[in-house]
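Please read the structure below before turning to the comments.
Order of the sequence lines sets the chain letters (A, B, ...), proteins ahead of strands, with each chain counted from 1.
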Protein chains: 2
Amino acid sequence: MPSMNPSDDLDAITAEEITGTAVPKDGIEAMTHKRPNAFTELMAPKKSKPSSPPTPKPSSSTSYTKVFKERSGLGAYIENPESYPPSRVILYDDDWVVINDLYPKSSVHLLLLPRNPKIYDLHPLRALTDDPEFLAAVREQVAKLKPLIANELRRLYGQHSESDKPYQSALEDLMSSPNAPTTQAERDKLLPPGRDWKKEVVAGVHAHPSMSHLHIHILSKDMYSACLKHKKHYNSFKTSFFVPIDDFPLGQEGEDKRWHPGRNGWPNWDMICWRCGRNFSNKFVQLKAHLEEEFERWKRE
Amino acid sequence: MPSMNPSDDLDAITAEEITGTAVPKDGIEAMTHKRPNAFTELMAPKKSKPSSPPTPKPSSSTSYTKVFKERSGLGAYIENPESYPPSRVILYDDDWVVINDLYPKSSVHLLLLPRNPKIYDLHPLRALTDDPEFLAAVREQVAKLKPLIANELRRLYGQHSESDKPYQSALEDLMSSPNAPTTQAERDKLLPPGRDWKKEVVAGVHAHPSMSHLHIHILSKDMYSACLKHKKHYNSFKTSFFVPIDDFPLGQEGEDKRWHPGRNGWPNWDMICWRCGRNFSNKFVQLKAHLEEEFERWKRE
DNA sequence: TATTCCGATAGTGAC
DNA sequence: GTCACTATCGGAATGAG
């Protein structure tokens, strides 16, 4: 990640200014908090502007054009990452753009977008199975982003967490000391491990994405979000329709059923609670209520 | 029909007082019109109270009980026809009750209810096929009620009707003469035939009624009503699910498919416009719009 | 499996 | 096929200055 967003204008622009009134609450409340958070900190050290966007088309003038492009795909982020506020485009360099999913399905939900045109029109299962170089590069990015999300989860939920208490207590002591370190990395060296929040993060792709432009989902496991509105939303992350990056390369078609979920009954699979295993059949409203309960328990773990 | 409702309290009670706020507009706007109408006139001549209701159970005290009875069936009308306003219970005697359907599916929609307990729990196809005496009695009642509805249609739509113009013009002349007859029957003897409104009336039963208590539908053909809200409403009158009284007695089960519409795909039959034959497949909203257009053309015939 | 809107379909409860 | 309510399921449009 050679180039990053400047962190100066962190709070300058809101998502609403870009996408209009219908935009759901942004996933990164983090950005508006006083306390430093994983995303701002990761961006802070380097200030250089991106060397040059790969295809520097003139950025669209009117906002409704952006709205349309966001609906039809993810191309606008790839083409003009610099035109978005840091609350939407978290990170970018010549090869990658990382955004907050506009319609997050978990409390933290990022998309990792490759900017290489040779890649971004491929089917994700194909690209990640056939191109070892790409797979390795994705794994490298995911390895960077998982800790970032883990820190965000700690920021959001650490104070509710039983197993994170050692960390939280020690952090409180540390921050009240005169020479408290200013970066997460420095702080964490001095602190007990506490809860391993990275275990609460998953990364993978959908077997049959609807949006054009290859995208890798990186998100917390909770599925607690106002944008989670129907069965496919849930099952696309909590069934084999979601293929973790760790599972690649896949066996070829015919060997691995995940190439063709439609042949195995998708999207009519039952909804199963990710945490307790309870089968909700097709009762989405009941699942939603249950997910809120499980979210509370999960935070408190 | 030996006994009739008194016509004195015609406008005294509204349907809303009985059934609460959720009650649709009553089908008998006729009742509140200045001009004499078929129903009021038919009731006017005889004033005697009903000799004795067949099972004079104490009438339910609370209004919600009445609401419930009306929802679960038609028993309340059979048991206590005298407790309803003439806008709801049009006619009754020891053997029959005629009501305005609480949820009319055409602009005029009556139900004929036999009061005999030996009859009213039978399946309508069974009763009308196996009991020639009952069938004959129903035919007699229908023969009385069809002209009543025909007169109501003439009252409602006669002035829009092309083919009814001879009658309408002559009626206007007649009514402006000094010694105008006061009854429909007297008037009609002196007037040209005009449109044959009886042809716009159908009578029959549903192959599988949902409401308990055997009931015969007698209604205009238009299917123009706010209460017509879904496919089954329409198809239950405009497919072979509706069995005209004239078709009885039916052939036995196995001979006549109408005994078991469910075995032949009901309720998934397409909706076909009763007037132009256009197939609306399962597009109810489009059919509704079309029915309004056809209603206007039908009135003007 | 992008969202959103509309509408068709299905199950239930009514006391 | 009683109604009314909720929810699930299913297709179509989505923007072009």
Can you check whether [X] has a side-chain N or O nearer than 4.0 Å to OP1 or OP2 of [N]?
X: A:K105; N: C:dT3; value: yes
X: A:H230; N: D:dG10; value: no
X: B:K229; N: D:dA4; value: yes

Could you report the tightest heavy-atom contact between A:R258 and A:A207, atom names first, then the distance?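 Closest approach of A:R258 to A:A207: O-CB, 3.5 Å.
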Looking only at non-hydrogen atoms, find the nearest pair between B:R88 and B:D101 and report the distance.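 Looks like NH2-O, 3.6 Å.
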Quick one: [X] [atom1] to [N] [atom2], roughly how many Å, whole number?
X: B:N235; N: C:dA8; atom1: CG; atom2: P; result: 13 Å
X: A:F280; N: D:dA7; atom1: CZ; atom2: P; result: 15 Å
X: A:D270; N: D:dC9; atom1: CG; atom2: C1'; result: 15 Å
X: B:F284; N: C:dA8; atom1: CZ; atom2: P; result: 8 Å
X: A:H233; N: D:dC9; atom1: NE2; atom2: C1'; result: 14 Å
X: A:Y234; N: D:dA7; atom1: OH; atom2: C1'; result: 19 Å
X: B:N268; N: C:dA10; atom1: CG; atom2: P; result: 7 Å
X: A:M211; N: C:dT4; atom1: CE; atom2: P; result: 13 Å

Closest to the [X] side chain: [options]?
X: B:K283; options: D:dT8, C:dT3, C:dA8; answer: C:dA8
X: B:K231; options: D:dT8, C:dT9, C:dG7; answer: C:dT9
X: B:Y103; options: D:dT8, C:dT3, D:dA4; answer: D:dA4

Would you mind classifying the nucleic acid contact of A:H123 as base, sugar-phosphate or nothing, using non-hydrogen atoms under 4.0 angstrom?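 Touches nothing.
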Taking any heavy-atom pair under 4.0 Å as a contact, classify B:H208: base, sugar-phosphate, or nothing.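 B:H208: base contact, heavy atoms under 4.0 Å.
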Both distances below 3.5 Å, Watson-Crick or wobble geometry, any strand: find the nucleotide opposite C:dC15.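 For C:dC15, the partner nucleotide comes out as none, under the 3.5 Å rule.
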Hey, which of B:V89, B:V108, B:L111, B:I90 is the one that makes side chain to side chain contact (heavy atoms under 4.5 Å, CB included) with B:N100? B:I90
Taking the basic N atoms (NZ, or NE/NH1/NH2) and the acidic carboxylate oxygens, is any pair closer than 4.0 Å for B:E200 and B:K146?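 No, B:E200 and B:K146 are not salt-bridged.
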Ion pair check, B:K221 and B:E294, cut-off under 4.0 Å: no
Using heavy-atom distances to pick each residue's nearest nucleotide on DNA chain C, tell me which of B:N282 and A:P267 is more 5'.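 Mapping each residue to its closest nucleotide by heavy atoms, the 5'-most match is A:P267.
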